[in-house]
Every structure is written in C-alpha cells, then in structure tokens.
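Below, read A as the first sequence line, B as the second, and so on, with proteins coming before strands; counting in each chain starts at 1.
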Amino acid sequence: MLKEKTWTLKQEGEITKDWLKNPYGFDKKAKKIYSIDTPPPYVNTPIHAGQAVTYCYMDFFARYKRSKGYSVLFPLGLDRNGLPIEHAAEKKFKIRAENVGRDKFLEYCRKVLEESSDISIRTFARLGISFSSYKFGGEIGEGYHTDSENYRKLTQETFIDLWNAGLIYEERKVSNYCLGCKTTIADAEIIYEERATDLYHIKFKVEQGKDIVIATTRPELLCSCAVVLYNPSDKRYKQLRGKHAILPLYDREVLIKPHPIAKPKFGTGLVMMCSFGDLTDIRFFREEGLRPRIAINIDGKMNKNADFLEGLSVKEARKEILKRLKEAGLLVKTEKTKQRAPICERSKDKIEFILLKEYYLKQLNFKEKILRIAKKVNFYDENSRQILLDWINGLSEDWPLSRRRYYATPIPIWKCKKCGEKVLGKKGKYWQPWKESPQKACKCGGKLEGEARVFDTWFDSSISPLYILGYGRDSAFFKKAFPCSLRPQGKEIVRTWLYYTLLRSYQLTKKTAFKDVWINFHILDAKGKKMSSSLGNVVDPIKILEKHGSEAFRLWAAIEGNIARQDLRISEEKIAGEFKTLIKLWNVSKFVSSFKLKGQPKLTETDRLMMNYMDSLVEFADKNYAEYNFFEPAHKLRHFLWEIFASHYLELVKARAYNTDMRFSKEEQGGAIFTLHSCLRGLLKLFSPIIPAITYKIYKEIYNGNIHNEDFPKTVRPFKVKAKLESLLEVNSKIWKAKKDKGLSLKAAVKRIDLPKRYENLKGLLPDLEAAHNTDIVFSAVKEIRIKF
RNA sequence: GGGCCCAUGGUCUAGUGGUUAUGACAUCUCGUUUACACCGAGAAGAUCCUCGGUUCGAAUCCGAGUGGGCCCACCA
C-alpha cells in the first residue's frame with residue numbers, strides 16, 4: 001500500500017543516495033556477462049547535459065540487461081590524461097609547462113585533478129546511474145582513472161608488445177604540428193575551419209617564353225616550391241610542358257609539368273607545389289618522390305631555406321615577402337577566397353607541416369582488416385557505420401604516437417647516447433623514463449637517456465575495453481569476457497576512439513573489440529546550437545536535476561527523440577512536463593495498491609483483454625530494448641499508462657474491484673484486482689530501466705521487493721478474446737462525451753444505451769460497461785450509439 | 001568532388017501505399033475534488049519543404065530541386 005500522498009524530489013534524492021551505498025556490483029563468475037565500455041569523461045569540467053543524457057541511455061541498457069539475467073560490467077571511468085588537464089593547470093596557476101620544469105608541472109596537473117574529479121561523479125550519482133561500483137580500484141568493475149599507475153602500466157605494456165611485434169618504428173616525416181600545443185598530432189586530431197583568406201597572384205618568369213601568373217595563399221613558402229603544375233586538359237599551358245619557371249626573388253628554376261591535381265578553374269590554373277602548405281602538398285610530394293625543402297622550424301619561424309625571411313614568424317614572413325613582391329612589381333593582384341584550414345581539435349591553433357622524428361604505429365597495413373571488422377560489428381544506428389568506413393578508407397599515413405607534452409603516459413624507451421641502441425622497459429612496471437631506467441647502462445657501456453615524450457592520449461583511451469575486461473591482469477576473466485558487448489559513444493569520436501580501439505584490439509588480440517556499437521548524436525541547446533564550453537551555452541545538468549529531478553530528466557531523454565538517429569534539443573519546459581507522468585504513475589499505483597487479492601480470481605473478458613495488451617507491450621519493449629531503442633517503447637508505455645490503463649480499464653473495473661453492492665461474484669472481483677496488479681507490475685518493470693527510482697519505490701511499497709532484481713516479464717500465452725480494444729475506447733469516449741454534453745457527471749445513471757451491431761465484439765464486457773456507465777446496455781439496429789436519458 | 005542524415009500544427013514528435021495525419025508541451029473554453037488540479041472534457045492550430053513521376057490511391061515509393069545538419073576528400 002502506498003503511504004505517501006505523492007511522488008517528490010525528496011524521495012527521489014533519498015533513493016539515489018541509497019543506491020550509492022549499495023551499488024549493483026559485478027559478478028565476474030556469472031554465466032552471462034554483458035560489458036559496457038563506458039566513455040570516460042574528462043574531469044576538468046563537470047559533465048554537461050548532453051553527456052548526462054548519454055549516460056542515462058547507457059544506464060537504460062545496463063538495467064535492461066540485468067533484468068535479462070546478465071551480470072553487467074558497467075564501470076565508471078574518468079579520463080585524466082592529456083592536454084585538457086595541462087591547459088587547465090596552465091590557466092589556473094598562470095604558468096607555462098615549458099617554464100616550470102617537468103616534475104613541478106606534473107604536480108600542478110595533479111592539483112587540478114584532485115579538485116575537479118568528483119563533480120561529475122556527483123552528477124552521475126544524482127542521475128541514478130547504476131555503475132558496477134562507485135569505488136575506485138583495480139578490481140574488475142571498479143572505477144578507474146586513465147592516469148592511474150595500473151592503467152598507464154597497461155598502456156606501456158601494449159606498446160612493448162607492439163614494438164616486439166614490429167609494428168612500431170621511429171622515423172623523420174612530415175608531421176602535423178600544432179603551434180599552440182607544440183607537439184605533433186595525428187590526422188584524426190585535425191579538424192578544419194572555413195576561413196576567408198587572400199589569394200595572391202604572383203608573376204613568374206619562364207625560360208624562353210612569356211611570363212606566367214600563379215595564385216597562392218602561402219606566398220611565404222615560395223622558397224620551398226618544387227614544381228609548377230597545370231591540368232593536362234588545360235590547353236592554355238600546353239606549351240609550358242617541360243619548361244622551367246623561375247621563382248621570383250629566389251631565382252631558382254623549377255620544372256613545369258601537367259598533373260590532374262591542378263584545377264583549371266582555380267586561380268590561373270597553375271599551381272606551385274610547396275613543402276608544405278597543406279595536406280595536398282604532402283601527399284603530392286610523397287607520391288612523386290620529391291624531396292621537400294622545409295622552410296618552417298618547430299618554433300614556427302622561417303629557417304635558412306627561406307633566405308631573407310629567416311627568423312621571421314610565418315605571419316611576419318608573409319607580410320615581408322608580399323612587400324618585396326609588390327616592390328618588384330610581381331604581385332599582379334590579390335583576391336579573396338575561402339579556404340578550409342587545418343586546425344588542432346583541442347587547442348584550435350593552426351597546424352603547420354614540419355619535418356619531425358616521431359614514433360609511429362603501423363596502421364596502413366591494417367586497413368583491409370579493420371575495414372572487414374568495421375563491416376562486421378553491429379551498429380546502432382546502422383547509418384553511423386559509414387562514418388567509420390569513410391575514415392578508414394581515407395587513411396594515408398601511419399599513426400604518430402609520440403607527443404611533446406607532459407601529463408600523459410610516458411613512452412617506456414631509452415636510447416644509448418653512445419651507440420644509439422634503443423632499450424625498452426620491461427613489462428610489469430610503470431615507467432617514467434626521464435627519471436629512471438631499466439638497466440644501468442647500454443651493452444656497449446654507453447649512458448642511457450630516457451625518452452622525454454609521452455603518448456597520444458588516444459593510445460591510452462584505445463585500450464579501454466582491454467583494461468576493463470582485465471587484459472594482462474586477469475587472463476581467465478579476459479578470455480571469457482572479451483570481446484566487449486557494447487561500445488557506446490558519440491559520433492564525433494568515431495574516427496578516434498572507435499577506430500583506434502578496433503585497430504589496437506585487433507593488433508593485440510586478433511579479435512574484434514566489440515559486438516555492438518551504439519553511436520549517439522548531440523544534445524543541442526534550446527536554440528538548436530551544439531553545446532560546447534567555448535560557445536558558453538553548456539547546460540549544467542545539476543541545476544535541472546535539482547529543479548525537476550532525475551526521473552523527469554531520464555524520461556524526457558527517452559521520450560524526446562531517438563538520439564541514435566538525430567540530434568536532440570534540450571527543453572526545460574518539456575523536462576518539467578514529464579514530471580506529470582511520474583505523478584500519474586504514482587496515483588495509478590496508489591489506487592491499485594488499495595486492493596488486495598483474496599481467494600481465487602476469475603478473469604473476465606475485460607481482464608483478459610487487458611492481459612493480452614500488456615503481453616504485447618512486453619514483447620514490443622523487449623524487442624526494442626534489445627536493439628537499444630528506448631524511444632518507441634517509452635512512448636508506448638506512457639500512452640498505455642494515460643490513455644488505456646488509467647482512462648479506460650481503471651474506470652471500467654472500479655465497480656467490480658470495490659464490489660460494494662455485491663453485483664459481481666467474489667471470483668470476478670478477484671479477477672479485476674488480479675489484473676490491476678498484474679498490469680501495474682508489468683508496467684513498472686517495463687518502465688524501470690528508464691525511471692528506476694519511482695518504480696523502485698512503488699514496487700517496494702506494494703510488492704515488498706527490489707524491482708531491479710526482478711526478471712524481465714515473460715509473455716504468457718495470449719487469451720482468446722473477442723473484444724477489440726479500439727471498439728472499447730470508442731464506445732467509452734462517445735458515451736462520456738454525450739453525458740458531458742448533457743451536463744451530467746460521468747457516473748450519472750441513464751435509462752438505457754443502444755449500441756450498434758458493429759460493437760458486438762464487446763458483448764463479453766457488458767457487465768463492466770453497464771456498471772461503469774450506470775445503465776443497461778443493449779445491442780440493436782441503431783447506426784450510432786443512442787442514449788436514453 | 002564524393003557520401004550520409006533530416007524537412008509533418010507555435011515548439012518537439014509519431015506515422016514506410018488507403019487514417020477525419022499521432023501524441024506531448026504551450027494557448028483557449030468549460031468542468032471537477034473518495035487514484036490523480038502536476039486532474040477531466042473539449043476547442044483552435046498542418047498547402048505533411050517545392051516540382052515532377054509511379055499508382056485507382058502518396059506525408060509515405062522514385063527522380064530532380066530547395067533549405068538545414070554532418071562525415072570524408074589532393075580547393076593551391
């Protein structure tokens with residue numbers, strides 16, 4: 001029996017708090033295991049409403065799978081490696097990493113981490129997320145930090161394994177160099193920004209012939225021009241074939257030749273290939289085997305290859321060379337153009353292409369394999385698969401792993417200062433090569449120097465499924481539980497987190513990392529803009545939760561749209577609106593709970609109709625939940641609650657359930673009570689993954705059990721029922737409306753109601769109908785329902 | 001340049017060949033307190049983006065276009 005008058009935020013808070021004390025745990029000995037590779041959020045900023053929604057979904061999945069008999073591995077992970085942490089430390093303490101010394105800087109980073117770590121955890125707890133554990137530790141199922149010794153050790157061990165397998169090499173190559181972060185980054189970390197820029201038309205002399213004009217956006221790279229191209233189909237320049245152009249100001253000859261890369265319509269149709277203005281150039285040099293003449297140094301300044309521009313920054317150099325060209329009358333014209341400039345995903349700084357020695361992980365050799373895997377994994381929604389396929393198909397370089405940064409996993413490698421021999425750390429220990437080494441000296445007697453660089457943070461993140469399943473530390477369990485059941489993640493990190501994880505898992509285990517991948521789209525702000533801290537439109541979930549509660553938030557998340565298919569716009573109004581459904585559920589439960597079943601029930605036609613409908617709901621929810629679709633079932637459940645169960649069934653069987661004037665037999669009364677409870681239990685259970693707190697509370701008070709430990713409802717064999725639900729809804733509505741129109745209350749007695757023959761399927765419901773409408777009902781030859789008042 | 005997704009009342013959303021086009025939120029009217037005023041009954045509000053085609057019949061299928069969002073790519 002429900003005691004409290006209504007559902008309140010206070011009750012909700014008490015329940016979620018209580019869950020923290022008794023988390024679900026994870027039984028690694030269980031027969032059926034379902035594992036979720038949760039995306040560890042960055043800890044330096046609290047999670048925003050968008051992330052909160054995605055965690056609600058993961059919690060739907062986890063709770064559903066538990067009710068299907070799985071022990072669910074649902075770990076709480078926090079990402080604490082990498083640039084966001086460093087940036088936060090630099091900002092907070094107003095320092096620069098390169099000025100304070102490595103150990104000091106790491107300390108600053110740790111300080112930032114200590115203060116920020118539990119804001120997100122509190123939000124998760126308030127949301128009622130059923131992580132396997134809220135405790136952090138090394139056991140399977142416990143929370144983890146990506147910067148813990150355990151985790152970093154595993155990252156280093158996988159490096160050692162890959163090195164020994166011959167998949168890692170060090171090489172001097174053109175690298176994407178972020179001027180802000182001062183490190184190489186991978187192609188996957190580059191994004192593009194549409195920019196207006198100037199296109200300069202510059203006059204070149206040609207050996208024996210007329211001058212030509214070439215358009216470029218990077219005049220400061222003139223010195224590194226290796227060849228001039230025109231399109232083979234471009235008749236204007238046919239006669240230039242094999243001739244040489246003379247670089248203005250530098251007086252160096254470069255070959256002119258046809259190549260399809262040059263677009264006749266762009267600029268003058270002539271293009272100078274420099275090392276390196278953009279990715280096009282890099283690819284071209286690579287394919288043509290041209291030797292690059294690098295003009296920009298690691299500090300972003302021009303080097304001696306640029307001659308008179310040496311020592312200037314790129315920006316200054318451009319200004320200077322334009323001045324000189326103008327003076328020499330070689331700058332023909334300047335026009336505006338649009339350019340997609342590569343920028344760093346993290347810092348949004350410009351990328352320059354610079355020759356640097358870095359460690360690389362081979363990935364080009366694995367393209368075909370990973371493509372095959374990408375086609376094999378189940379994608380929810382299926383359309384999201386294409387994002388991954390496109391990315392794999394477009395790969396053109398191996399993965400540069402080394403980063404010239406600090407707060408990340410160190411690369412466990414040492415180099416002999418004398419003979420150059422490389423020494424690797426041994427597995428089983430977390431290494432910090434700049435302050436320790438695995439052996440005193442090299443075999444040759446030379447001194448070992450520890451590697452100062454660290455790994456790309458994706459090199460850490462991409463082993464998360466291996467880590468959570470005990471790779472390297474609990475082999476028996478890993479063997480049983482791998483591949484991981486589900487990877488839930490955002491579409492924007494398909495090219496990084498998902499791709500890298502599939503690659504690494506394959507390289508290390510020869511297996512596909514996941515069975516299912518669930519890709520979520522974005523949560524937009526109320527105006528439809530993507531939430532991001534830089535735009536300042538981030539919605540803090542804590543505030544919403546305090547005002548409307550997590551249950552309303554979760555129900556809204558499920559019902560507002562299908563986030564696996566499209567973006568979702570946040571609306572506080574709608575979230576508030578969902579609270580009504582919670583109250584409705586509460587009140588219906590309160591009503592049902594006032595009846596106790598005594599004796600053997602006898603189900604009437606009305607009851608059987610309801611039981612059948614409930615069955616179809618169970619089946620529908622089960623099928624969709626299994627495909628990570630909570631959106632449609634949530635709609636159906638809500639509709640059932642309001643429009644069928646409360647409005648019609650309840651009204652119809654009230655008289656029989658109370659049975660005050662003994663109009664029905666004891667067994668028939670029992671039938672109503674049995675069915676009321678049966679439907680309520682089913683409804684609560686189907687709703688329980690979505691709104692776990694209120695269903696928990698109601699179930700506990702009425703049925704004295706933990707709803708989250710109950711199995712998912714089973715469908716019973718359908719009863720034979722002649723009555724049609726649609727007919728019932730129609731008849732009720734029409735009678736109620738007619739009474740309304742007469743100004744009568746819904747319960748008011750009328751003399752007689754004639755129903756047309758088409759409603760004869762309702763014959764079995766007559767006793768309930770007559771009681772509910774307080775009248776005698778007959779079937780007759782009328783065309784429409786006729787009421788005698 | 002290639003590819004993907006989306007387009008339905010003020011807002012959001014359901015609807016994959018035949019419906020008076022679903023529902024929610026918001027608006028308006030009337031009513032009601034023994035499950036529920038975070039309630040009930042009802043009203044108003046939609047050229048289902050445009051144009052073609054297939055079909056007896058299209059919001060639904062096909063084609064083209066327009067407008068959004070996104071991904072990839074060798075726009076100097």
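- Proximity of R495(A) to the phosphate of C72(B): a side-chain N or O atom is located under 4.0 Å from OP1 or OP2.
- Between the P atoms of C25(B) and C71(B), the separation comes to 35 Å (whole Å).
- Nucleic acid contact for Q339(A): sugar-phosphate only, since backbone atoms but no base atoms lie under 4.0 Å from a heavy atom of the residue.
- Comparing A76(B), G23(B), A35(B) by their nearest atom to the side chain of A262(A) picks out A76(B).
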Contacts under 3.5 Å, N or O only, protein and nucleotides 13-19 of chain B:
none

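- G3(B) and G42(B): their C1' atoms are spaced 49 Å apart (whole Å).
- Here the P atom of nucleotide G40(B) and the NZ atom of K739(A) are 18 Å apart, to the nearest Å.
- Atom C1' of nucleotide C72(B) and atom CD of Q386(A) are separated by 9 Å, given to the nearest angstrom.
- When the C1' atom of A73(B) is taken as reference, atom CD1 of I282(A) falls 14 Å away, rounded to whole Å.
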Next on the checklist: Evaluate I212(A) against T268(A) for side-chain contact (heavy atoms from CB on, under 4.5 Å), listing each step before the verdict.
Outcome noted: CA-CA 9 Å; I212(A) 54 173; T268(A) 61; over 6 Å; no

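- Between the side chains of E335(A) and Y200(A), no donor N or O sits under 3.5 Å from an acceptor N or O.
- Listed nucleotides: C75(B), A26(B), C5(B). Nearest to the side chain of K263(A): C75(B).
- For C36(B), its base sits under 3.5 Å from the side chain of K584(A) at one donor and acceptor pair at least.
- Annotation: cation-pi pair K257(A)/Y230(A) absent, no NZ/CZ under 6.0 Å from the ring centroid and within 45° of its normal.
- Summarising the base pairing, U20(B) is matched to no nucleotide, lacking a Watson-Crick or G-U wobble pair whose two defining distances lie under 3.5 Å.
- Taking the C1' atom of each, A24(B) and U60(B) are spaced 23 Å apart, rounded to whole Å.
- U8(B) and G68(B): their P atoms are spaced 14 Å apart (whole Å).
- With a cut-off of 3.5 Å on both Watson-Crick or G-U wobble distances, the partner of A7(B) is given as U66(B).
- Atom-to-atom, CZ of F266(A) to C1' of G1(B) comes out at 14 Å; the value is rounded to the nearest Å.
- For the pair W642(A) CH2 and A41(B) C1', the interatomic distance rounds to 14 Å; values are reported in whole Å.
- Across all strands shown, C36(B) forms no Watson-Crick or G-U wobble pair with both distances under 3.5 Å.
- A distance of about 12 Å separates the P atoms of C5(B) and C61(B), rounded to the whole Å.
- Residue contacts shown for L229(A) are absent, as no nucleic acid heavy atom lies under 4.0 Å away.
- Closest to the side chain of F591(A), out of A26(B), A35(B), A76(B), is A35(B).
- The cationic atom of R681(A) (NZ for Lys, CZ for Arg) lies less than 6.0 Å from the six-membered ring centre of Y703(A) and within 45° of the ring axis.
- In this structure, the ring of F630(A) has its center less than 6.0 angstrom from the ring center of Y625(A).
- Nucleotide C39(B) holds its P atom 15 Å from the CD atom of E651(A), rounded to whole Å.
- N624(A) and E627(A) share no side-chain donor-acceptor pair at under 3.5 Å.
- Distance noted for atom C1' between G9(B) and G15(B): 15 Å (whole Å).
- Distances from the side chain of R569(A) to the nucleotides C70(B), U11(B), A76(B) place U11(B) closest.
- U29(B) sits 25 Å from U34(B) when the P atoms are compared, rounded to a whole Å.
- For R340(A), no side-chain nitrogen or oxygen approaches OP1 or OP2 of C75(B) to under 4.0 Å.
- Between Y192(A) and C70(B) there is no side-chain polar atom (N or O) within less than 4.0 angstrom of OP1 or OP2.
- Checking A76(B), A35(B), A24(B) against every side-chain atom of D278(A), the shortest atom distance belongs to A76(B).
- One atom, CH2 of W736(A), and another, C1' of A41(B), lie 11 Å apart when rounded to the nearest Å.
- Side-chain N/O atoms of K654(A) include one lying less than 4.0 angstrom from OP1 or OP2 on A35(B).
- Annotation: of the two residues near RNA chain B, I583(A) and G577(A), the 5′-most nearest-nucleotide partner is G577(A).
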Next on the checklist: I'd like to know whether T216(A) forms a side-chain contact (heavy atoms from CB on, under 4.5 Å) with L221(A), so could you lay out the CA-CA distance, the side-chain angles of the two residues, the decisive distance to 0.1 Å, and finally the verdict.
Outcome noted: CA-CA 9 Å; T216(A) 179; L221(A) 292 177; over 6 Å; no

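- For G23(B), the OP1/OP2 oxygens have no side-chain nitrogen or oxygen of K636(A) closer than 4.0 Å.
- Rounded to a whole angstrom, the distance from the P atom of C49(B) to that of A35(B) is 45 Å.
- Side-chain atoms of T334(A) and L199(A), non-hydrogen and from C-beta on, never get closer than 4.5 Å to each other.
- Judged by a 6.0 Å distance limit and a 45° cone about the ring axis, R495(A) is not positioned over the six-membered ring of W458(A).
- Taking a pair to require two hydrogen-bonding distances under 3.5 Å in either a Watson-Crick or a G-U wobble arrangement, U27(B) pairs with A43(B).
- Rounded to whole Å, atom P of U33(B) lies 15 Å from atom NZ of K5(A).
- Cation-pi contact between R385(A) and F379(A): absent, since separation from the ring centre below 6.0 Å together with deviation from the ring axis within 45° is not met.
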